Amino acid sequence: MPQYTKAIVRQPGKNFADGITTSNLGKPEYEKALEQHNAYCEILKRCGVEVIVLEADERYPDGCFVEDTAVVTKEVAITSRPGNPARLGEQERLASVLADYKLIESIVAPGTLEGGDIMRVENHFYIGLTKRTNIDGAKQLSSVLEKYGYTSSTVSVNDILHLKTGIAYLGNNNFIAVQELAHIAQNSNVIILNKGEEYSANCLNVNDNLLIPKGFPKSKQNIVDLGYNIIEVEMSEYRKMDGGLTCLSLLF
Ligand code: GLY
């Protein structure tokens with residue numbers, strides 16, 4: 001797995017509850033979201049990462065989900081072009097911060113792409129084709145990645161917001177996935193999620209610590225059984241807005 005030294009995060013704004021969601025879990029509480037965001041940043045620091053915190057930008061209620069704004073490798077940051085018009089423009093601030101650290105390449109129209117649709121497995125990138133990421137965006141990403149020696153392939157994703165809403169690569173050839181996406185991991189070990197535990201597909205490996213959302217005991221046990229050092233993270237307010245652990249940071 002890549003080892004990370006930095007993370008960019010953006011705080012949720014007071015209008016966080018006005019963001020896009022399909023969940024029926026009720027409105028998130030701003031103060032609680034901020035508290036959970038601070039706790040998330042502290043966990044990243046414990047994992048050895050310097051955390052760069054950007055202030056909220058209330059033009060973008062979903063702006064704390066910074067993962068969607070770029071795909072970052074050792075050599076390059078490819079800024080995205082969000083597929084939901086309400087999120088278009090979020091990438092600009094992140095591009096200006098990333099430019100201090102990386103060469104910048106960009107996805108351009110008519111391509112759309114959100115980082116939540118990109119799953120890295122060693123030097124291969126799976127690109128989920130969803131309502132947010134189209135084939136043009138996928139082709140652009142693929143050709144930039146190829147320049148830097150990475151391979152990629154597309155995978156169709158239906159009825160799920162982003163590819164990584166339903167699958168995560170844990171490292172050491174292990175995946176966790178909802179049934180519909182388990183085929184991606186066909187030559188690997190895959191934990192297939194129980195009904196009701198689908199949200200726990202979105203896990204995040206940070207320097208060999210596996211962050212998992214709190215409240216999913218079967219997934220937790222299955223992951224512990226594989227020998228991972230886990231850290232449980234309270235994500236209740238972000239879950240209400242269709243956000244997960246990977247969504248809250250850009251790691252590099
Ligand atoms: N609320 C996250 C998204 O829909 O993009």
Side-chain angles (χ1 to χ4, degrees), residues 7-37 40-41 54-72 78-95 106-107 109 111-119 126-134 136-138 141 155-168 178 180-181 198-204 211 213 233-251:
I8 305 176
V9 302
R10 178 146 66 181
Q11 290 181 316
K14 289 202 172 71
N15 61 350
F16 175 52
D18 297 336
I20 311 156
T21 188
T22 56
S23 96
N24 56 3
L25 298 169
K27 277 201 175 294
E29 285 174 39
Y30 169 67
E31 293 298 340
K32 221 165 153 183
L34 206 52
E35 215 172 273
Q36 290 177 4
H37 199 267
Y40 177 87
C41 293
L54 307 184
E55 282 180 14
D57 180 342
E58 295 200 0
R59 289 176 299 166
Y60 303 113
D62 284 298
C64 60
F65 299 126
V66 288
E67 170 182 56
D68 291 319
T69 65
V71 176
V72 189
I78 303 125
T79 58
S80 74
R81 190 167 173 275
N84 186 298
R87 301 198 59 186
L88 201 52
E90 280 180 28
Q91 73 277 15
E92 287 164 14
R93 174 82 177 105
L94 277 294
S106 303
I107 303 297
T112 66
L113 185 132
E114 296 190 0
D117 284 321
I118 314 306
M119 178 174 67
Y126 290 92
I127 307 173
L129 297 175
T130 63
K131 290 197 175 77
R132 304 291 181 89
T133 295
N134 65 16
D136 197 294
L141 178 65
V155 46
S156 291
V157 179
N158 303 309
D159 305 324
I160 297 179
L161 174 59
H162 287 128
L163 173 64
K164 283 189 290 189
T165 310
I167 185 165
V178 296
E180 304 87 290
L181 297 180
E198 292 90 341
Y199 180 75
S200 60
N202 190 266
C203 296
L204 177 61
L211 278 55
V233 188
E234 182 55 75
M235 289 293 290
S236 65
E237 303 315 288
Y238 296 95
R239 187 180 180 197
K240 290 173 184 172
M241 299 308 294
D242 287 348
L245 284 162
T246 62
C247 312
L248 288 179
S249 56
L250 267 175
L251 286 152

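Both backbone and side-chain heavy atoms feed into the values below; hydrogens, waters and symmetry mates do not. Since the model is a prediction, treat every value here as computed from it, not as a measurement. Both counts, for ligands and for their atoms, begin at 1 and track the order of listing.
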For Asp242 and Ser23, which I'm curious about, is there any donor-acceptor pair between the side chains at under 3.5 Å?
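Absent: no donor and acceptor within the cut-off.
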
Val157 vs His162, test: side chain to side chain contact (heavy atoms under 4.5 Å, CB included). Steps then yes/no.
CA-CA 8 Å; Val157 179; His162 287 128; over 6 Å; no

Write 'none' if nothing qualifies; otherwise put on separate lines each N/O atom of ligand 1 with a protein N/O atom under 3.5 Å away and their distance to 0.1 Å.
residue: ligand 1; atom: 1 (N); partner: Ile20; partner atom: O; Å: 2.7
residue: ligand 1; atom: 1 (N); partner: Asp62; partner atom: OD1; Å: 2.7
residue: ligand 1; atom: 1 (N); partner: Met241; partner atom: O; Å: 2.7
residue: ligand 1; atom: 4 (O); partner: Arg132; partner atom: NH2; Å: 2.9
residue: ligand 1; atom: 5 (O); partner: Arg87; partner atom: NH1; Å: 2.7
residue: ligand 1; atom: 5 (O); partner: Arg132; partner atom: NH1; Å: 2.9
residue: ligand 1; atom: 5 (O); partner: Arg132; partner atom: NH2; Å: 3.4

Salt bridge (Lys or Arg N to Asp or Glu O under 4.0 Å) contacts in which one or both residues fall within residues 55-68, not counting sequence neighbours:
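Pairs touching residues 55-68 that pass the test: Asp57-Arg59, Glu67-Lys164, Asp68-Arg87.
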
Return yes if some donor-acceptor pair links the side-chain N/O of Thr69 with the main-chain N/O of Gln91 below 3.5 Å, else return no.
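Here the side-chain-to-backbone pair does not exist.
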
Check the pair Gln36, Ser236 against side chain to side chain contact (heavy atoms under 4.5 Å, CB included), reporting the backbone distance first and the verdict last.
CA-CA 8 Å; Gln36 290 177 4; Ser236 65; 2.9 Å; yes

For the pair Tyr238 and Phe65, name the ring-plane relationship: parallel under 30°, tilted 30 to 60°, perpendicular over 60°.
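The arrangement is perpendicular - the two ring planes meet at more than 60°.
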
